[in-house]
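Heads up, the thing below is written out as structure tokens.
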Amino acid sequence: MPSDANTARMSRIGFGWDSHEFQAGIPLKIGGLELPHHSGLAGHSDGDVLLHALTDALLGAVAAGDIGSYFPPSDPQWKGADSAVFLREAMKQAAARGYVVGNVDCTLVLAAPKIGPHAQAIRESIAGLLGVEPGQISVKAKTPEGVGTDNAAIAHVVVLLTEIPWP
């Protein structure tokens with residue numbers, strides 16, 4: 001650790017995980033974007049599995065609970081809600097504790113649609129929502145390889161927060 005405590009910066013790591021099943025008749029939202037697909041992800045809100053996992057990762061990094069403690073699925077006001085609302089609250093909690101996003105690493109597990117053609121747009125969307133550069137966001141995708149989750153999307157997210165630098 002540096003000898004000058006004023007120059008030392010603390011970091012916090014958070015992990016988030018979420019999953020939702022596909023359902024016909026609703027739009028597919030991933031990473032704040034609507035993607036073309038024949039069905040979307042069922043959830044109490046808009047079902048954005050990636051933003052839900054990211055919200056939990058941010059809240060976990062600062063030991064501020066989880067998405068359900070702020071936005072319980074039993075509360076009808078969150079039915080169909082834009083998941084960006086949840087993410088903004090998580091960012092507010094991180095900032096209140098003195099932290100900003102260093103980087104985010106996301107892995108999606110789903111059979112379809114292919115994420116590769118949309119990965120850059122998802123990175124840019126998440127970066128915009130977090131107020132960081134797209135180079136601080138990684139988005140990868142894997143197929144479920146026969147593990148029985150072909151009708152679901154799963155998101156894993158790791159986030160590194162660093163202390164807000166003082167002038």
Side-chain angles (χ1 to χ4, degrees), residues 13-94 101 103-132 134 136-161:
I13 296 171
F15 173 76
W17 179 94
D18 197 32
S19 65
H20 291 292
E21 284 190 313
F22 282 98
Q23 178 181 327
I26 57 175
L28 175 61
K29 291 208 53 188
I30 295 181
L33 299 178
E34 190 170 318
L35 302 182
H37 196 58
H38 58 78
S39 55
L41 294 169
H44 185 70
S45 65
D46 63 7
D48 191 327
V49 68
L50 187 52
L51 292 191
H52 295 178
L54 178 53
T55 297
D56 267 344
L58 288 163
L59 292 170
V62 294
D66 65 14
I67 193 170
S69 60
Y70 292 86
F71 308 100
S74 59
D75 188 337
Q77 76 173 312
W78 306 119
K79 181 69 178 163
D82 184 343
S83 294
V85 171
F86 309 154
L87 191 58
R88 281 193 289 276
E89 178 61 29
M91 288 295 291
K92 182 174 126 185
Q93 294 300 319
V101 171
N103 73 295
V104 175
D105 187 18
C106 308
T107 303
L108 292 160
V109 182
L110 67 168
K114 294 293 183 194
I115 296 300
H118 309 287
Q120 183 60 31
I122 293 170
R123 288 177 67 211
E124 291 171 4
S125 172
I126 292 171
L129 290 168
L130 297 177
V132 300
Q136 293 172 261
I137 310 298
S138 170
V139 174
K140 307 175 301 294
K142 306 293 180 197
T143 57
E145 302 295 331
V147 296
T149 57
D150 285 355
N151 193 44
I154 301 164
H156 300 269
V157 176
V158 176
V159 64
L160 173 69
L161 301 181

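The figures here come from the full heavy-atom set of this structure, side chains too, leaving out hydrogens, waters and symmetry mates. FYI, the numbering just counts along the sequence from 1.
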Can you sort out the partners of [X] under side chain to side chain contact (heavy atoms under 4.5 Å, CB included), two or more places apart, ordered by chain and number?
X	value
Gln93	Leu59, Ala64, Tyr70, Glu89, Arg97
Ser45	His52, Ala81, Ser83, Phe86
Lys79	His44
Ala155	Val49, Leu50, Ala53, Leu108

Atom pair CG/CG of Leu41 and Leu110 - distance to nearest 0.5 Å: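 Leu41 CG to Leu110 CG: 8.0 Å, rounded to 0.5 Å.
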
Nearest-0.5 Å distance, CD1 of residue Ile126 to CD1 of residue Ile137: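 Taking CD1 in Ile126 and CD1 in Ile137, the distance rounds to 6.0 Å.
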
Minimum-distance pair of heavy atoms, taken over all atoms of [X] and [Y]:
X	Y	value
Ala111	Pro144	N-CD, 3.5 Å
Val139	Arg123	CG2-CG, 3.7 Å
Ser138	Asp105	OG-OD1, 3.2 Å
Leu58	Ala90	CB-CB, 3.8 Å
Glu124	Pro134	CG-CG, 4.1 Å

Salt bridge (charged side-chain N to carboxylate O under 4.0 Å, His left out) with Lys114: which residues, sequence neighbours excluded?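 With neighbours one apart ignored, the set is empty.
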
Please enumerate all residues that pass salt bridge (charged side-chain N to carboxylate O under 4.0 Å, His left out) together with Asp66, with sequence neighbours excluded.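 Applying salt bridge (charged side-chain N to carboxylate O under 4.0 Å, His left out) to Asp66 gives none.
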
List for me each residue that meets side chain to side chain donor-acceptor pair (under 3.5 Å) alongside [X], sequence neighbours excluded, and say none if there are none.
X	answer
Ser125	none
Asn103	none
Ser39	none
Thr149	none

Measuring only between side-chain heavy atoms, which start at C-beta, is [X] closer than 4.5 Å to [Y]?
X	Y	result
Leu51	Leu129	yes
Leu161	Val62	yes
Ile154	Trp17	yes
Ile13	Val159	no
Phe15	His156	yes

When the side chains of residues 22-36 are checked against the rest of the protein, which donor-acceptor pairs come out under 3.5 Å, sequence neighbours left out?
from, atom 1, to, atom 2, distance (Å)
Lys29, NZ, Asp46, OD2, 3.4

Result of checking Val132, Leu54, Leu160 against Val101 for side-chain contact (heavy atoms from CB on, under 4.5 Å):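 Only one of Val132, Leu54, Leu160 forms a side-chain contact (heavy atoms from CB on, under 4.5 Å) with Val101, namely Val132.
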
Is it the case that atom NZ in Lys140 sees more than 12 heavy atoms from other parts of the structure closer than 6.0 Å?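 Buried by this count: over 12 neighbours within 6.0 Å.
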
Could you go through Asp56 and Asp18, starting from their C-alpha distance and side-chain angles, then the distance that decides it, and tell me whether this counts as side-chain contact (heavy atoms from CB on, under 4.5 Å)? CA-CA 9 Å; Asp56 267 344; Asp18 197 32; 5.9 Å; no

Quick one: which residue pairs count as a salt bridge (Lys or Arg N to Asp or Glu O under 4.0 Å) with a foot in residues 145-160, not counting sequence neighbours?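 Not a single pair qualifies under salt bridge (Lys or Arg N to Asp or Glu O under 4.0 Å).
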
